[in-house]
Amino acid sequence: MPIRLYNTLTQTKEDLQTVVPGRVGMYVCGPTVYSFSHIGHMVGPVIFDTIKRYLVYSGYEVTWVVNITDVDDKLIQRVQAEGATPADMAARVKALAETVTADYLDCLKALGVDGIDQMPRATEHIPGILEITQGLIEKGNAYASGGDVYFDVTTDADYGKLSHRDFEELEAGARVDPGDKKRNPGDFALWKGSKPGEPAWDSPWGPGRPGWHIECSAMSMKLLGPHFDIHGGGLDLVFPHHENEVAQSECYSGKPFATYWLHNGLLTKGGKKISKSDPETIVEMRDLLARHQPDTIRALLLSSHYRRPIDYSNDRLDELDRALRGFRTFFDRFERITGQSFYSLNASSQKTAGAEFPDEVSDLRRQFLDAMDDDFNTGGALGVLFDLLRVLNRYADLQQLDKPPVDAAVQARFVAGVVTLRELAGLLGLFREPSKSAEADSGDRLTGPLLDLLVSLRTSLRKSKNFALSDEIRDRLTELGVILEDGAGGTRWKITDR
RNA sequence: GGCGCCGUAGCCAAGUGGUAAGGCAGCGGUUUGCAAAACCGUUAUUCACCAGUUCGAAUCUGGUCGGCGCCUCCA
């Protein structure tokens, strides 16, 4: 079954057919780095990271580019608001960009977004931007006007094809600023002349900086070629950003730009879109990562289809925390049974195990892959993961794997099934390493030994049927966030995740 | 006003022509000294509403109602 994906350009689901067989070039619009990342900034990266994992798994060689827009009006406004003067403005813009970029990279890393191959900065691609701007002027698609350069939308017959807007109506509906340097209201800046002190580069039209859309055209075409496969971004970027990107890129190169346009839905909070202009809705990643497991946040973003909006709430994350806990509990169980860590499993563990997949497991594997083939249906795929978990727990129950001795062949089948879970969860970027708090707790010098001591004393109490006291110990530990489980192989303790 | 999306159980959510995945919460059971964990069963005769197409519709068509996004910076 081929991979199918919904294309905003054609408004239909299409089979993936790449420009170069076996290769995928993918460009996703990254942030303008003027303020710290909020959860909305993570939707695209997590989705497209997952898409890349799946494409690679499916045999494609993928090059994924995410840009950083590090010069823009918003950065300038921000440092001006903070009291920048013409003398230090350029330096402060640079410093702000670096600080915010570092924060963005930290957030990506925390959420397991590690598939980005290149992260070009707009300021590193000024020559390419000037080249395209010049080229568009020469072809008659752009014009210089008062130190700025604008793209003339009336020269592009296809203008509006991505966002499916009628150009004439757009004209009629747009407001015209008095004294505007534009010929048409819909024209947009390729180059903006700068005021004294603002970050500026020399150009044939005087000192200035790139317009908002041009850097994406310059960087994507430079790194992926004029015609590449997938262009992604938030639904809110379709117009005007992506529309303008298509227009200027195709007019410049004379070739089709991206084949497939994938747009992710926007995050809402309380039903309202998360937006910088509405501070109530902002949920900064730094705060979120302090309260929840990264896997939980990632699972939230993958829990429904990527084009649908996701309503963020703390309750929702708490609910998902509980849901994912079952997996972590199972991983501990797996380690007790087999002596190997779930997190150390990989594809070759399958060969080592030397066992066939149980039918049930291979059926679920097929279901998972079918869901992913169908426009990257991560919500459906995640559901299959829960099915798989249940199958594996049931197998361990029925075969009494917790009570040695265990038949080697039976255990090998079990391992084979768990390797599949590891493999599929990895495609979603989930459970790639032990949870943070579990790691922190086991690193503590005293906590473990003290709990072992308490458990050992309590075991003596239970042997002498002193249940009142042993239950009190368990209850009070629970209050402290330590769960005791009296199982077949003795009592285990576990510190709850936050 | 134009373009587009959505409405599936108490909540979240998959399913786009063949008779309703999964998660959370709840209830009953197995297990347990009691719990926890795990497993089993159970919770929508029905997919906002109305009409139509069809042997058959949550899925297709038309209409109604409700929620949202874009058209201005936004991931």
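No experiment lies behind these values; they were computed from the predicted model shown. A note on names: the letters A, B, ... follow the listed sequences, proteins ahead of strands, and every chain is numbered from 1.
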Restricting to nitrogen or oxygen on both sides, can you table the protein-nucleotides 14-17 of chain B pairs closer than 3.5 Å?
residue: B:A14; atom: OP1; partner: A:His305; partner atom: N; Å: 3.0
residue: B:A14; atom: OP2; partner: A:Arg308; partner atom: NH1; Å: 2.5
residue: B:A14; atom: O3'; partner: A:Asn377; partner atom: OD1; Å: 3.4
residue: B:A14; atom: O3'; partner: A:Asn377; partner atom: ND2; Å: 2.7
residue: B:G15; atom: OP1; partner: A:Asn377; partner atom: ND2; Å: 2.6

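Dashed line: the shortest gap from a side-chain N or O of A:Arg474 to OP1 or OP2 of B:C34 is not under 4.0 Å. Proximity of A:Lys273 to the phosphate of B:A75: no side-chain N or O atom is located under 4.0 Å from OP1 or OP2.
Side-chain atoms of A:Arg462 come within donor-acceptor range of the base of B:G33, with a qualifying N/O pair under 3.5 Å. Looking at A:Asp486, its side chain comes within 3.5 Å of the base of B:C34 through a donor and an acceptor atom.
Residue A:Phe386 and nucleotide B:G23 are not classified as a stacked aromatic pair, given the requirement of ring centres less than 5.5 Å apart at an interplanar angle below 30°.
Taking the six-membered ring where the residue is Trp, A:His231 and A:Tyr27 present tilted rings, their angle falling between 30° and 60°. Aromatic ring orientation, A:His242 versus A:Trp261: tilted (interplanar angle from 30° to 60°). Taking the six-membered ring where the residue is Trp, A:Phe331 and A:Tyr343 present perpendicular rings, their angle passing 60° and hence far from 30°. Using bins of under 30°, 30° to 60° and over 60° for the plane-to-plane angle, the ring pair A:Phe386/A:Phe327 lands in the perpendicular bin. Between A:Phe188 and A:Phe151, the angle of the ring planes stays under 30°, which puts this pair in the parallel group of the 30/60° scheme.
The gap from the C1' atom of B:A25 to that of B:C12 amounts to 11 Å, rounded to the nearest Å. Rounded to whole Å, the P atom of B:G52 lies 12 Å from the corresponding atom of B:A57. When the C1' atom is used for both B:G67 and B:U42, the distance is 32 Å, rounded to whole Å. For B:A44 and B:C34, the C1' atoms lie 36 Å apart once the distance is rounded to whole Å. The gap from the C1' atom of B:C50 to that of B:G66 amounts to 15 Å, rounded to the nearest Å. Taking the P atom of each, B:C68 and B:G63 are spaced 22 Å apart, rounded to whole Å. Remark: the separation of the C1' atoms in B:A37 and B:A14 is 27 Å, to the nearest Å. Rounded to the nearest Å, the gap between the P atom of B:C24 and that of B:U61 is 35 Å.
Ranking B:C12, B:A75, B:A37 by closeness to the A:Arg316 side chain, first place goes to B:C12. Across B:A75, B:A37, B:C70, the shortest atom-to-atom separation from the side chain of A:Thr329 is found for B:A37. When the nucleotides B:C73, B:A38, B:C71 are ranked by their closest atom to the side chain of A:Lys74, B:C73 comes out on top. The A:Arg165 side chain lies nearest to B:C70 when the options are B:C70, B:A75, B:C24. Among the nucleotides B:A75, B:C70, B:G22, the one closest to any side-chain atom of A:Arg390 is B:G22. Here the side chain of A:Glu319 is nearest to one of B:C24, B:G69, B:G33, namely B:C24.
Residues of residues 2-11 of chain A having a heavy atom closer than 4.0 Å to RNA chain B, listed by number: A:Gln11. For the segment residues 451-461 of chain A, residues with any heavy atom less than 4.0 angstrom from an atom of RNA chain B are, sorted by number, A:Arg458.
Ionic pairing of A:Arg328 and A:Asp321 is not present here: no N-O contact between side-chain nitrogen and carboxylate oxygen is shorter than 4.0 angstrom. Salt bridge absent: A:Asp363 and A:Arg366 never bring a charged side-chain N and a carboxylate O closer than 4.0 Å. A salt bridge is absent between A:Arg4 and A:Glu14; no separation between the charged side-chain nitrogens and carboxylate oxygens falls under 4.0 Å.
If you check B:U32 for Watson-Crick or wobble pairing at under 3.5 angstrom, you find it has no partner at all.
Every residue meeting the side chain to side chain contact (heavy atoms under 4.5 Å, CB included) condition with A:Asp311, not counting sequence neighbours, appears here in chain and number order: A:Thr268.
We find that CG of A:Asp236 is positioned 15 Å from C1' of B:C3, with the value rounded to whole Å.
The ring pair (Phe, Tyr, Trp, His ring centres under 6.0 Å) contacts involving residues 360-385 of chain A comprise nothing, where partners must be two or more places apart or lie in separate chains.
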Do any side-chain atoms of residues 102-118 of chain A form donor-acceptor pairs under 3.5 angstrom with protein atoms, and if so which ones, sequence neighbours left out?
residue: A:Asp103; atom: OD2; partner: A:Ser37; partner atom: N; Å: 3.0
residue: A:Asp114; atom: OD1; partner: A:Arg53; partner atom: NH2; Å: 3.3
residue: A:Asp114; atom: OD2; partner: A:Arg432; partner atom: NH1; Å: 3.4
residue: A:Asp114; atom: OD2; partner: A:Arg432; partner atom: NH2; Å: 3.0
residue: A:Asp117; atom: OD1; partner: A:Lys52; partner atom: NZ; Å: 3.3
residue: A:Asp117; atom: OD2; partner: A:Lys52; partner atom: NZ; Å: 3.0
residue: A:Asp117; atom: OD2; partner: A:Trp64; partner atom: N; Å: 2.7

